[in-house]
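Note sheet for the following structure.
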Amino acid sequence: MVLRGCKTRSEHVMFSGDNLIAEQKCVDTEASTSDFPLLELPVPIIHDILSRLPVTTILRCRCVSKSFLKLLKDPYFSKIHLARAPTLTTTLILQENLGKSGSLHFVPFNLSESTLPSCSSDDQNIQSYDSISGLPSLTKLNAELGFVTQRLSLVGSCNGLLCLFFNSSPLERPFYSICNPILGECIKLPRLATVAPFHMYSNHSGFGYCPRMKQYKVISFMYLTSFNSFNSIDSKRMVAHVHTLGSDSWRRIENTPCPKLNSFDPFLNGALHWITDSDRPSELITSFDLEEEKFENVPPPPHFNLRYVNKVSWINIGVLRGCLCICYIYEDVEFVVWVMREYGVKESWTKEFSIDMKFYCKLQVEDLHRPIKFFGNGDLWFISSSDSLVSFSPQKRTFKELRSIGPWRIEVTAHDLSFVSLKDVMGRKDGK
């Protein structure tokens, strides 16, 4: 794997295989309190102050001196920054694949202002606009950082870490990488074992964090096919492989549920969640507990009987204000969101809101097939069929077009940047 030209406005980094080359111009001296009166304060207060700064400013602070770098590499700082940052900003990842090449670009977004910053080059502001919609364009020109690599899929984002999946063919052995883009850290996970003779790697994967064990884990799904004496398919089943970051192997789990599609926001309560391809409503939602490494069915809303489910044309799963939620389109005319107020309790499902598409003249069913995330205020962001970034406010019952993405198909994912270091993560074993 080669990730080329990963670049921020304050540093330049390049990934190559398992090794990282980072070029940071850092003052090789200790800062004195006379130069920086801030350093006279107690360390917890300094951490609290610095955690409120924009990410790019923090990156520049890391290059001021050894004293600042030591403060900002402290795991306690990454912890408080992670807890605070999502309430202030989010980052949109623009994922693009062209032929055998792929790229990721990271665009910061101020949630309080709902505006994207303009990009500057040679002290001149650059802001492009879509000629048809008149909206500012969401492009790599807005990006604070980005990198180019081979064709990839973004598995998920967790605590500022990204899980990337590289696979050019379902029959070839894929591999996974974990990276923290703002720290310029990247690791390549051990390859999955070859399963002979009839197997096919699935595009369904998951990435999450077990808070009790303090471990990050990746799960990968694979189809196994067996043939009868007439050389026709006798059976087809799904198995999963699980990897714990810091270990050197994958563990296999037999006869797992089959995810229907990747969830747009799957991680909650130490578990990953998917919509399955099962015909039984009771098996529609499955979870994978990252501590026990077991699959369990999550009870759907009480009205989800077979007759009702057959009228659902599209369904996905996410998280809304710390609760599991499902979004689905019913009879091609209504977009519905239900929330599970008490996790695992079927009777706690509550209808959050619905959108009657007949009352919005430009709204189409396909517009709501690409949700990005529910934010703290309850707003849902999604990519419309006209390739615009759109926000829907359930309280105001209004849609707002935020940005134009352009005629090419780009996947957009919400990501919270953090200073969680892979060196700390990989150093933990057995939850230590």
Item to complete: Quick one: do M426 and I187 satisfy side chain to side chain contact (heavy atoms under 4.5 Å, CB included)? Show the steps, please.
Response: CA-CA 9 Å; M426 299 300 289; I187 58 170; 3.3 Å; yes
Worksheet item: What are the two closest non-hydrogen atoms of P181 and L417, and how far apart are they?
Response: CG-CD2, 4.4 Å
Worksheet item: Which heavy atom of P75 sits nearest a heavy atom of D424, and at what distance?
Response: CG-OD2, 3.7 Å
Worksheet item: Closest heavy-atom contact between T244 and S247?
Response: O-OG, 2.6 Å
Item to complete: Show the numbers, then the answer: is there a side chain to side chain donor-acceptor pair (under 3.5 Å) between W274 and S263?
Response: CA-CA 6 Å; W274 295 273; S263 307; 4.9 Å; no
Fill in: Sub-4.5 Å side-chain heavy-atom contact between I315 and L284
yes
Discussion item. Set out, in order, the CA-CA distance, both residues' side-chain angles and the distance that settles side chain to side chain donor-acceptor pair (under 3.5 Å) for S278 and E283, then state yes or no.
Written reply: CA-CA 6 Å; S278 176; E283 299 174 355; 2.9 Å; yes
Discussion item. Less than 4.5 Å apart, side chain to side chain, heavy atoms only: is that true for I178 and F207?
Written reply: yes
Practice prompt. Kindly check if the number of other-residue, nucleotide or ligand heavy atoms within 6.0 Å of CG (N255) is above 12?
Written response: yes
Worksheet item: Is any side-chain heavy atom of L261 closer than 4.5 Å to a side-chain heavy atom of I275?
Response: yes
Discussion item. Between F165 and H204, is the ring centroid distance below 6.0 Å?
Written reply: no
Discussion item. Are L72 and H81 packed together at the side-chain level, in the sense that at least one heavy-atom pair is separated by less than 4.5 angstrom?
Written reply: no
Item to complete: Tell me, please, whether F175 has K188 positioned over its six-membered ring: NZ or CZ under 6.0 Å from the ring centre and within 45 degrees of its axis?
Response: yes
Worksheet item: Heavy atoms, side chains only, cut-off 4.5 Å: are T398 and K400 in contact?
Response: no
Worksheet entry | Side-chain donor or acceptor of H273 paired with backbone N/O of P266 under 3.5 Å | yes
Item to complete: Output the distance between atom OG (S157) and atom CG (L162), rounded to the nearest 0.5 Å.
Response: 5.5 Å
Practice prompt. Go through the steps to decide whether Y209 and Q215 satisfy the test side chain to side chain contact (heavy atoms under 4.5 Å, CB included), and finish with yes or no.
Written response: CA-CA 6 Å; Y209 178 68; Q215 294 175 333; 5.8 Å; no
Item to complete: Inspect the contact between K373 and D416 and indicate whether a charged nitrogen and a carboxylate oxygen are less than 4.0 angstrom apart.
Response: yes
Worksheet entry | Least distance between heavy atoms, S421 atom then L183 atom | CA-CD1, 3.9 Å
Item to complete: Indicate yes or no: at least one non-hydrogen side-chain atom of I355 is less than 4.5 angstrom from one of F392.
Response: yes
Show me the donor-acceptor pairs, under 3.5 Å and distance only, between side chains in residues 320-330 and residues at least two apart or in other chains.
{"unit_1": "R321", "atom_1": "NE", "unit_2": "G376", "atom_2": "O", "d": "3.4"}
{"unit_1": "R321", "atom_1": "NH1", "unit_2": "E352", "atom_2": "OE2", "d": "3.3"}
{"unit_1": "R321", "atom_1": "NH2", "unit_2": "N377", "atom_2": "O", "d": "3.2"}
{"unit_1": "Y328", "atom_1": "OH", "unit_2": "H303", "atom_2": "NE2", "d": "3.3"}
{"unit_1": "Y328", "atom_1": "OH", "unit_2": "Y308", "atom_2": "OH", "d": "2.7"}
{"unit_1": "Y328", "atom_1": "OH", "unit_2": "W338", "atom_2": "NE1", "d": "3.3"}

Practice prompt. Of all the heavy-atom pairs spanning L290 and F267, show the shortest one and how long it is.
Written response: CD1-CE1, 3.6 Å
Discussion item. Test side chain to side chain donor-acceptor pair (under 3.5 Å) on S354 and E334; report intermediate values, then the result.
Written reply: CA-CA 7 Å; S354 63; E334 186 180 24; 3.3 Å; yes
Fill in: S51 side chain to H47 backbone, donor-acceptor under 3.5 Å
yes
Response to the item:
Rounded to the nearest 0.5 angstrom, the OG-NE2 distance for S205 and H243 is 13.0 Å
Worksheet item: To the nearest 0.5 Å, how far apart are CG in N305 and CZ in R307?
Response: 8.0 Å
Response to the item:
Between the CG atom in L306 and the CG atom in D279, the distance rounded to the nearest 0.5 Å is 8.0 Å
Item to complete: Check step by step if salt bridge (Lys or Arg N to Asp or Glu O under 4.0 Å) holds for D289 and K217.
Response: CA-CA 11 Å; D289 185 286; K217 297 186 179 184; over 6 Å; no
Practice prompt. Give me the ring orientation class for F353 and F335: parallel if the planes are under 30° apart, tilted from 30 to 60°, perpendicular past 60°.
Written response: tilted
Worksheet item: Taking the six-membered ring for Trp, are Y176 and W250 ring centroids under 6.0 Å apart?
Response: yes
Worksheet item: Is the closest side-chain heavy-atom distance between M340 and V298 below 4.5 Å?
Response: yes
Discussion item. Pair R370, E411 - check side chain to side chain contact (heavy atoms under 4.5 Å, CB included), show working.
Written reply: CA-CA 9 Å; R370 296 168 68 189; E411 296 301 323; 4.2 Å; yes
Discussion item. Main chain of S388, side chain of S384: is a donor-acceptor contact present, judged purely on distance under 3.5 Å?
Written reply: yes
Discussion item. Whether the side chain of S78 engages the backbone of V420 through a donor-acceptor N/O pair (distance < 3.5 Å, no angle test) should be reported.
Written reply: no
Discussion item. Tell me if the NZ atom of K70 is crowded by more than 12 foreign heavy atoms within 6.0 Å.
Written reply: no
Worksheet item: Got a second to check how far K73's NZ is from F68's CZ, nearest 0.5 Å?
Response: 15.5 Å
Item to complete: Calculate, to the nearest 0.5 Å, the distance between atoms CZ and CG belonging to R252 and L192 respectively.
Response: 11.0 Å
Worksheet item: Passes side chain to side chain contact (heavy atoms under 4.5 Å, CB included), S282 versus N297? Steps please.
Response: CA-CA 7 Å; S282 62; N297 294 324; 5.7 Å; no
Item to complete: Please indicate whether Q395 has more than 12 foreign heavy atoms, meaning atoms of other residues, nucleotides or ligands, lying under 6.0 Å from its CD.
Response: no
Fill in: Residues, nucleotides or ligands: over 12 heavy atoms within 6.0 Å of E296 CD
no
Worksheet entry | Close side-chain approach of V339 and W349, heavy atoms under 4.5 Å | no
Practice prompt. Kindly determine whether S418 and N159 satisfy side chain to side chain donor-acceptor pair (under 3.5 Å), including the steps that lead there.
Written response: CA-CA 7 Å; S418 82; N159 293 345; over 6 Å; no
Item to complete: Give a yes or no on whether the backbone of I182 and the side-chain of N180 come within a donor-acceptor separation of less than 3.5 Å.
Response: yes
Worksheet item: If you take all heavy atoms of L389 and I372, which pair is closest and at what distance?
Response: CD1-CD1, 3.5 Å
